[in-house]
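Treat the numbers as computed from the prediction; the structure is a model and nothing was measured. Start at 1 and go down the list; that is how both ligands and their atoms are numbered.
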Amino acid sequence: MGAVAPSSRTLAAEMVRGLNLTGPTTVVELGPGTGVVTSAISEQLGPDAHALAIDIEPKFVAAIARRFPRIEAVCASAADLPALLHARHMFPADHIISGLPFASLPVEVTTAILDAIAASLRPGGTFTTFQYVNGYPTPLAKSFRRALSERMGSGPERRVVWRNFPPAFVLTWRHQ
Ligand SMILES: C[S@@+](CC[C@H](N)C(=O)[O-])C[C@H]1O[C@@H](n2cnc3c(N)ncnc32)[C@H](O)[C@@H]1O
């Protein structure tokens, strides 16, 4: 959950696979960093879709804004997501995709972000993130999944991506 290396293009493609971003949909990326997943989102975006990318690092936000004009890049904490969506008349979101390094964030920050995600998704909306296969059975990774499943009302769908360093599980929750 804390990133070891930037996500591979294969992992990025798996993060957006199955999401229909062609219609009038609202998609949010949390922690775009250098933009590997942002690029996969951008390739799928239809003309009526709205996309927001939120990162806490100004230099990443500036680079995302330059590379992806169709995506609004915002310098803020993911914990502020409901307010950021309301301010843009984008609330609620259809899909939230996260590359945030939850394993290395303070627990109170993770809790605030998970609350923000659950508060921002429409019923039936999805939240997608990944966990490395080697860290998947650890108590921290399990308690993260449990905390999300409680908020979303059901457990995640899981797909494995071997072509990533390290290999990772992509996890998608659907908000009940
Ligand atoms: C490891 S990078 C992920 C990059 C890319 N999504 C990937 O998968 O390769 C994590 C990103 O999360 C951002 N970040 C960390 N804490 C954040 C927070 N509270 N709100 C928004 N972004 C945050 C960091 O600045 C960094 O760009």
Proximity winner for [atom], if only heavy atoms of [options] are counted:
atom                    : options              : result
atom 24 (C) of ligand 1 : D55, T129, I97, T34  : D55
atom 5 (C) of ligand 1  : C75, A79, P32        : P32
atom 17 (C) of ligand 1 : L100, I113, L11, I64 : L100
atom 21 (C) of ligand 1 : V74, N164, I56       : I56
atom 8 (O) of ligand 1  : P106, G35, A76, S7   : S7

### Task
Hey, could you give me the CD1/CZ distance between I117 and F127, rounded to the nearest 0.5 Å?
3.5 Å
### Query
What distance separates R122 CZ from H95 NE2, expressed to the nearest 0.5 Å?
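The NE2 atom of H95 is 6.5 Å from CZ of R122, to the nearest 0.5 Å.
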[X]: numbered ligand 1 atoms lying under 4.0 Å from its heavy atoms:
X   : answer
F60 : 27 (O)
P6  : 9 (O)
E57 : 25 (O)
G33 : 4 (C), 27 (O)

### Message
Going by the rule side-chain hydrogen bond (donor to acceptor under 3.5 Å, both in side chains), which residues pair with N134 if we only count those two or more places apart in sequence or in a different chain?
### Response
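Partners of N134 by the side-chain hydrogen bond (donor to acceptor under 3.5 Å, both in side chains) criterion come out as none, since no residue qualifies.
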### Query
Where do G33 and I64 come nearest, in terms of heavy atoms and distance?
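Reported closest heavy-atom pair: O-CD1, 3.7 Å.
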#### Entry: Shared hydrophobic cluster for L52 and V36 (ILVMFWY, side-chain gaps under 4.5 Å)
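As far as the 4.5 Å side-chain criterion goes, V36 and L52 are not connected within one cluster.
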### Task
Determine whether the side chains of R159 and T172 contain a donor N or O and an acceptor N or O closer than 3.5 Å.
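Yes, T172 and R159 have a side-chain donor paired with an acceptor closer than 3.5 Å.
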### Check: T129 and W173 side chains under 4.5 Å, non-hydrogen atoms
yes
### Message
Measuring only between side-chain heavy atoms, which start at C-beta, is T22 closer than 4.5 Å to Q44?
### Response
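With C-beta onward as the side chain, the pair stays apart.
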### Task
May I ask you to check whether L105 has an N/O atom sitting below 3.5 Å from an N/O atom of ligand 1?
no
### Message
Please determine whether any non-hydrogen atom of L30 lies less than 4.0 Å from an atom of ligand 1.
### Response
no
